Enquirer: 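Encoded as structure tokens, here's the structure I'll be asking about.
Quick caveat, the model's predicted, so the values are computed rather than measured.
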Amino acid sequence: MKKLLALILCPFIVLGISSCGVAREGLIQTKYDLELAMSQTSSHLEFKVSDVANENVVEGLGVEWDPHFHMSYNKDKGCNEEDWALIKERAEKLNIQKIRVWCMPTWYEPEKGVFDFETERMNAFFQVLDVAEELGIDVNVTLWGCQDWLAMNNGYWMAPPNDLDAYAENVAALVRYLTEAKNYTCFKELTFHNEPDWEFICDDTVEDWMQYYFDMCRVVHEKLIAENLRDKVELCLPGIDLEDIGTIEQFAEGVNDFADKFDVHSYNFAAGNYFGEIQNRVNAVTECLSQLPNDMKLTVSEFGGSAHVNAYNQADIDTYERGIYYSTIAEAFLSSGVSSMLHWCFFDQYYNDSGNEQESRMRIGLFKYKDEGWEPRPFYHSWGLIMKYAVEGSEIYPFEDETNFVNGVALKSPEGKWTYLITNNAKRVNSVVKISNPHFEQTQMYVHEYNPDTVTTSDELIGSSGIAYSEGSDVYVRMNANTFVVLTEQE
């Protein structure tokens, strides 16, 4: 009788698995799917969405988009307007909300007092801002450092300014040109000198390099006020490493009088790091900022992985696991108070004409270079899903519960649509996850799964595999090991 019952049930179970989606990476769409999925793993987890939203909202998820594509060292390799149209199409498809763009003071002031905004460099720069303006993408302009007549003689390829008043005049001229001559509404933020904690290298005329940095920022701040330009742009400072909390405290105190946003860079983590340790690092920064008299929003204008080869290459850039790391760091950063995150960088391109492939061709983009067909890397799909569904202006609600391997964050769009980002970092253990939300009584959520079967070299983002099973405000999803899932009310 038992054998007969087994024979009768077997086809039903096999058929049920196939039709209900458990075999498709565990999509739970019915009560039966839920019971079956729970019978297949002992890991049953429950997360409750916080009653109260964070103070930070999503103010811009995006990429570094440096203005090299239209320079001769890329055009000579065949890059053309058809390629540029593809890149622009992908920017729109990915819902890039914010970009950071590199600029140098001598690109538009090659000699002291001589301004020329129609140089090859500036035309390439404006090509990027033109796309941002058209697509409604916010722009951070970072003045990387000084060269030529404006630079200290420090023996490095760039330097702090040798004349703070001349530097302030230079910056004011740029702000005036972007906002008044070009009428850009996309230009939102300005950053002075990239990564000053290790690239602000003064010559021997300066005794205290950090104080000189603060003086530089203050002089520019006051110049912008005097020229009635300060309210046209936010100062996003300083752009330093997330690593050392002592250095962060010094910079935070030093820029607090004039910075609108406190900015850090993160190349501190990789696929082996978990939600909790990433969150702890950011919590230390937000605690530091909370002690200061003036509010500064926390932003991350560069992030990537820690598998460094050199500035142009990372060892894990083509791996599936990098996409899992990106979802984990996004969930941890947003939960902990970060309002903006920009991946370095948008796409592979040459950054100079040195002829040294290892130190000219940037290979850390969401997609590869022209000679590799602009092929998307796996994490294009992970970061792409996050940018698309963690929409700008979304309120951020942390999950109240934490585990070592499965974690996430809830987001409520300005239109009132809810999205959950959830990652299972476990290498072997599948989990059935229940998310309870006290802010609504019932929902219908679409499931988008980043897993080895859904990641392709197509530039189309991963579509919905179906609607998740829900009971009132409770939503259920099976999280297979080493996967990332977006649950969203957005279609």
Side-chain angles (χ1 to χ4, degrees), residues 9-10 12-49 270-278 319-332 335 378-379 381-382 385-386 389 399-410 419-437 443 445-456 462-471 474-488:
L9 286 177
C10 259
F12 174 72
I13 291 174
V14 171
L15 188 62
I17 291 174
S18 175
S19 64
C20 296
V22 175
R24 292 199 314 276
E25 296 303 322
L27 180 62
I28 297 173
Q29 294 186 288
T30 67
K31 182 73 170 179
Y32 173 78
D33 290 343
L34 174 61
E35 293 171 352
L36 182 58
M38 293 184 73
S39 73
Q40 294 172 334
T41 178
S42 61
S43 179
H44 306 154
L45 304 173
E46 296 187 16
F47 295 98
K48 179 179 179 293
V49 174
N273 295 106
Y274 298 115
F275 179 95
E277 56 190 308
I278 299 172
T319 64
Y320 166 85
E321 286 73 19
R322 191 174 177 105
I324 298 297
Y325 158 58
Y326 269 46
S327 62
T328 302
I329 195 173
E331 292 156 11
S335 294
F379 74 102
H381 295 283
S382 174
L385 284 175
I386 294 167
Y389 293 108
F399 286 175
E400 290 187 351
D401 313 282
E402 294 183 17
T403 73
N404 287 334
F405 297 104
V406 181
N407 285 286
V409 65
T419 294
Y420 303 147
L421 311 179
I422 315 166
T423 304
N424 183 358
N425 272 292
K427 302 305 179 188
R428 289 179 293 276
V429 178
N430 301 333
S431 296
V432 174
V433 176
K434 169 185 170 183
I435 306 104
S436 299
N437 192 327
T443 185
M445 286 193 156
Y446 298 90
V447 184
H448 300 260
E449 304 171 82
Y450 177 92
N451 63 54
D453 293 329
T454 60
V455 173
T456 69
I462 297 168
S464 169
S465 55
I467 296 172
Y469 176 67
S470 61
E471 296 176 350
D474 299 336
V475 180
Y476 296 86
V477 62
R478 172 168 168 159
M479 296 293 303
N480 279 6
N482 209 30
T483 59
F484 162 54
V485 169
V486 175
L487 296 172
T488 183

Enquirer: Might you point out which heavy atoms bring Gly466 and Leu27 nearest each other, and give the distance in Å?
Expert: CA-CD2, 3.9 Å
Enquirer: Please lay out, stage by stage, how Asn437 and Thr443 fare under the test side-chain contact (heavy atoms from CB on, under 4.5 Å).
Expert: CA-CA 10 Å; Asn437 192 327; Thr443 185; over 6 Å; no
Enquirer: Judged by atom type as modelled, is there a donor-acceptor pair below 3.5 Å linking the side chain of Thr483 to the main-chain atoms of Met479?
Expert: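 Not a single qualifying donor-acceptor pair exists.
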Enquirer: Applying side-chain contact (heavy atoms from CB on, under 4.5 Å) to Asn482 and Lys427, what does each step give before you reach the verdict?
Expert: CA-CA 6 Å; Asn482 209 30; Lys427 302 305 179 188; 4.0 Å; yes
Enquirer: With rounding to the nearest 0.5 Å, note down the distance linking OG in Ser327 to CG in Leu421.
Expert: 8.0 Å
Enquirer: Taking Ser465 for the side chain and His448 for the main chain, is one N or O donor matched with an acceptor at less than 3.5 Å?
Expert: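 Flag not set: sc Ser465 to bb His448 has no pair under 3.5 Å.
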Enquirer: Using side-chain contact (heavy atoms from CB on, under 4.5 Å), reason through Asp474 and Tyr476 one step at a time and then give a plain yes or no.
Expert: CA-CA 7 Å; Asp474 299 336; Tyr476 296 86; 4.2 Å; yes
Enquirer: Quick check: do Phe275 and Asn425 have side-chain heavy atoms less than 4.5 Å from each other?
Expert: no
Enquirer: With rounding to the nearest 0.5 angstrom, report the OH to CD1 distance, Tyr450 to Ile462.
Expert: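 Going from the OH atom of Tyr450 to the CD1 atom of Ile462 covers 7.5 Å.
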Enquirer: Got a salt bridge between Lys31 and Glu471, using NZ or NE/NH1/NH2 to carboxylate O under 4.0 Å?
Expert: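 Here Lys31 pairs with Glu471 in a salt bridge, since their nearest N and O are under 4.0 Å apart.
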Enquirer: Provide the closest heavy-atom pair for Tyr326 versus Ile386 in the form atom of the first, atom of the second, distance.
Expert: O-CD1, 4.0 Å
Enquirer: Rounded to the nearest 0.5 Å, how far does CZ of Arg428 lie from OG of Ser43?
Expert: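 One gets 13.5 Å once the value is rounded to the nearest 0.5 Å.
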Enquirer: Between Ile28 and Val477, is the side-chain contact (heavy atoms from CB on, under 4.5 Å) condition met? List the steps.
Expert: CA-CA 6 Å; Ile28 297 173; Val477 62; 5.8 Å; no
Enquirer: Check whether any side-chain heavy atom of Val475 lies under 4.5 Å from a side-chain heavy atom of Leu487, and answer yes or no.
Expert: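 The answer is yes, as the side chains (C-beta and beyond) meet within the 4.5 Å cut-off.
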Enquirer: Are the side chains of His381 and Thr456 in touch, meaning some heavy atoms are under 4.5 Å apart?
Expert: yes
Enquirer: So do the side chains of Thr423 and Asn407 get within less than 4.5 Å of each other, counting heavy atoms only?
Expert: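 In short, these two side chains do not touch, never coming nearer than 4.5 Å.
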Enquirer: Determine whether a donor-acceptor pair (N or O, by modelled atom type, separation under 3.5 Å) exists between the side chain of Glu277 and the backbone of Tyr274.
Expert: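 At least one qualifying donor-acceptor pair exists.
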Enquirer: Nearest 0.5 Å please: distance from the OG atom of Ser436 over to the CG atom of Asp401.
Expert: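 Result: 9.0 Å between the selected atoms.
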Enquirer: Please examine the side chains of Phe399 and Glu46, heavy atoms only from C-beta on, and report whether any two atoms are closer than 4.5 Å.
Expert: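 The answer is no; the side chains never approach within 4.5 Å.
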Enquirer: Within the 3.5 Å criterion, strictly below it, is a donor on Glu449 or Thr454 matched to an acceptor on the partner's side chain?
Expert: no
Enquirer: Examine distances only and state if a side-chain atom of Ser39 and a backbone atom of Leu36 form a donor-acceptor pair shorter than 3.5 Å.
Expert: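 Confirmed, Ser39 side chain pairs with Leu36 backbone.
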Enquirer: If you define the side chain from C-beta out and look only at heavy atoms, does anything of Val49 sit under 4.5 Å from Ile435?
Expert: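 Contact flag for Val49/Ile435 side chains = yes.
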Enquirer: Less than 4.5 Å apart, any side-chain heavy atom of Tyr446 and any of Ile467?
Expert: yes
Enquirer: To the nearest 0.5 angstrom, please state how far the OG atom of Ser431 sits from the NE2 atom of His44.
Expert: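 With rounding to 0.5 Å, OG (Ser431) is 8.5 Å from NE2 (His44).
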Enquirer: Find the distance between OG (Ser335) and CD1 (Ile278) and round it off to the nearest 0.5 Å.
Expert: 11.0 Å
Enquirer: Would you say the side chain of Phe484 lies within less than 4.5 Å of the side chain of Ile422, judging by non-hydrogen atoms?
Expert: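 No, too far: nothing below the 4.5 Å cut-off.
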